[in-house]
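Notes follow once the structure below has been shown.
Values below: every heavy atom of this structure, side chains too, minus hydrogens, waters and symmetry copies. Here is the naming used below: chain letters follow the sequence lines, and residue numbers restart at 1 for every chain.
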Amino acid sequence: MEQLKATSMRAVGSKMVNDKRHWTESSLSDFIYRIGSDFISQIEMKLEEGSLTQKSLAIQLKVSEGSVSQVLKSPGNLQLDTMVKYARACGMKMSVLLYDDGDKENKRGPIHPDIFRMCWEFSGRPSDFFALPARQLAAFAVTGETAMTAEEDGMFYLRNNRSVNIATKIKPSVRFGGSCATTASQR
Amino acid sequence: MPGICSVEHVRNGTLRGVGFLIYPSNHSVTAHETFHGLSEEEQKYFRVSADYWVDGLICPRRFHGWNKSEFRGQYQRCFVFKQDEHRFYGFLLHPKDEERRYQYCLLASYAWKVQQNTEERYLRQCVELGDTAPIHGAVKSYFNESRGVKNGKR
């Protein structure tokens with residue numbers, strides 16, 4: 001039994017500590033392997049739906065079927081351009097998303113992108129910030145410093161949260177009208 | 001005496017967890033030992049699969065159970081994690097009295113798959129193991145210990 005208990009323990013100096021880190025925290029390549037696997041699992045799900053085969057994917061990508069198979073088996077070696085090519089060949093788009101799930105030590109590992117996709121679909125597939133339901137938008141933090149809120153006048157505002165007491169000192173800093181990129185450049 | 005160990009550094013979720021059965025005197029219990037003999041890449045693939053299952057993803061390419069329409073419903077408690085020809089067979093449990101929805105997949109046997117269809121003997125083996133009193137005891141003690149750690153008793 002002692003041997004069993006030791007499997008989740010690691011030595012730190014002369015002490016043994018219970019190591020609760022997720023396996024993707026062991027190295028950068030492990031984290032990359034996991035998110036590469038997440039990407040591939042989405043492509044594989046698309047293939048399993050039946051509208052696309054590995055062969056037709058290879059034809060669209062102008063590569064051999066063996067090459068597609070090799071890519072699908074190498075989640076740790078994916079490049080961003082390869083990912084975009086595969087997404088486009090599947091008739092889809094992809095986003096690169098940063099999120100803060102409050103798990104700074106990475107005890108829980110990454111969140112599967114399908115969870116984000118499903119939330120997006122449940123929200124009616126909004127394609128811009130105007131299409132976001134106002135209630136969700138009000139609670140939506142764009143960054144740690146800036147939050148977007150929906151106001152009674154029907155407009156959206158980016159608010160700067162740098163003040164200590166957000167509730168009383170918050171002031172509208174940017175009226176949100178243009179694209180997200182334009183707004184971001186105004187900060 | 002049998003014991004249980006979690007898959008190292010794979011998170012146990014609020015509703016699901018996965019681990020290995022360790023039973024040195026039972027030669028059919030080979031999953032844990034074989035897992036540690038796999039290459040690093042193969043272990044990583046398995047950890048991703050375990051993550052996916054714990055998170056509730058449906059991914060039959062990587063893992064699945066058997067429903068009541070298969071094998072006359074005899075193996076509805078059985079579960080398998082797959083990777084190329086590797087198969088890790090186990091059974092599902094609901095070990096937490098205070099949270100009946102919580103499901104734990106206890107992996108017991110390893111098989112190198114050589115035929116297309118499911119090899120029923122591994123499923124039968126898992127069902128038999130799942131009904132064994134010492135294993136029930138090991139599960140109970142493992143989850144009691146885990147609860148002790150969570151409540152700061154250890």
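Hydrophobic clustering of Ile, Leu, Val, Met, Phe, Trp and Tyr side chains at less than 4.5 Å, counting indirect connections, unites B:Val7 with B:Tyr110. In the hydrophobic clustering of this structure, B:Trp53 groups with A:Trp23; members are Ile, Leu, Val, Met, Phe, Trp, Tyr whose side-chain heavy atoms approach within less than 4.5 Å, directly or through other members. A:Phe39 and B:Tyr45 fall into different hydrophobic clusters, where Ile, Leu, Val, Met, Phe, Trp and Tyr side chains are chained together by heavy-atom contacts under 4.5 Å. In this structure, A:Val84 is a member of the same hydrophobic cluster as A:Ile40, with clusters built from ILVMFWY side-chain heavy atoms closer than 4.5 Å. Residues B:Tyr142 and B:Leu129 fall within the same hydrophobic cluster, defined by Ile, Leu, Val, Met, Phe, Trp and Tyr side chains chained together at heavy-atom separations under 4.5 Å.
Neither the backbone nor the side chain of B:Phe20 comes within less than 4.5 Å of any heavy atom of chain A. At a 4.5 Å heavy-atom cutoff, the contact between A:Lys107 and chain B is made by backbone atoms alone. Residue contact with chain B, scored on non-hydrogen atoms closer than 4.5 Å, involves the backbone and the side chain of A:Glu44 alike. Contacts of B:Asn12 with chain A are absent, with no heavy-atom separation under 4.5 Å from either backbone or side chain.
With a 6.0 Å radius and a threshold of 12 heavy atoms from other residues, nucleotides or ligands, A:Glu49 has its CD atom above the threshold. Other residues, nucleotides and ligands place no more than 12 heavy atoms under 6.0 Å from the CD1 atom of B:Ile58. Around atom CD of B:Glu99, more than 12 heavy atoms belonging to other residues, nucleotides or ligands sit under 6.0 Å away.
Considering all non-hydrogen atoms of both residues, A:Glu48 and B:Arg61 come closest at OE2-NE, 2.7 Å. Taking both residues in full, the closest heavy atoms of B:Tyr52 and A:Ser41 are given as OH-OG, 3.7 Å, listed atom of the first, atom of the second, then distance.
Under the 4.0 Å criterion applied to side-chain N and carboxylate O atoms, B:Asp51 and A:Arg108 are not assigned as salt-bridge partners.
When each of B:Glu40, B:Lys44, B:Arg47 is paired with A:Tyr33, the side-chain contact (heavy atoms from CB on, under 4.5 Å) condition holds for B:Lys44 and for no other.
Of the listed residues (A:Asp114, A:Ile111, A:Thr24, A:Asp30), the one with the most heavy-atom contacts under 4.5 Å to chain B is A:Asp30. Ranking B:Leu57, B:Val54, B:Asp55 against chain A, the residue ahead of the rest is B:Leu57, based on heavy-atom pairs under 4.5 Å.
Under the 4.5 Å side-chain criterion, counting only non-hydrogen atoms from C-beta, B:His9 is not in contact with A:His22.
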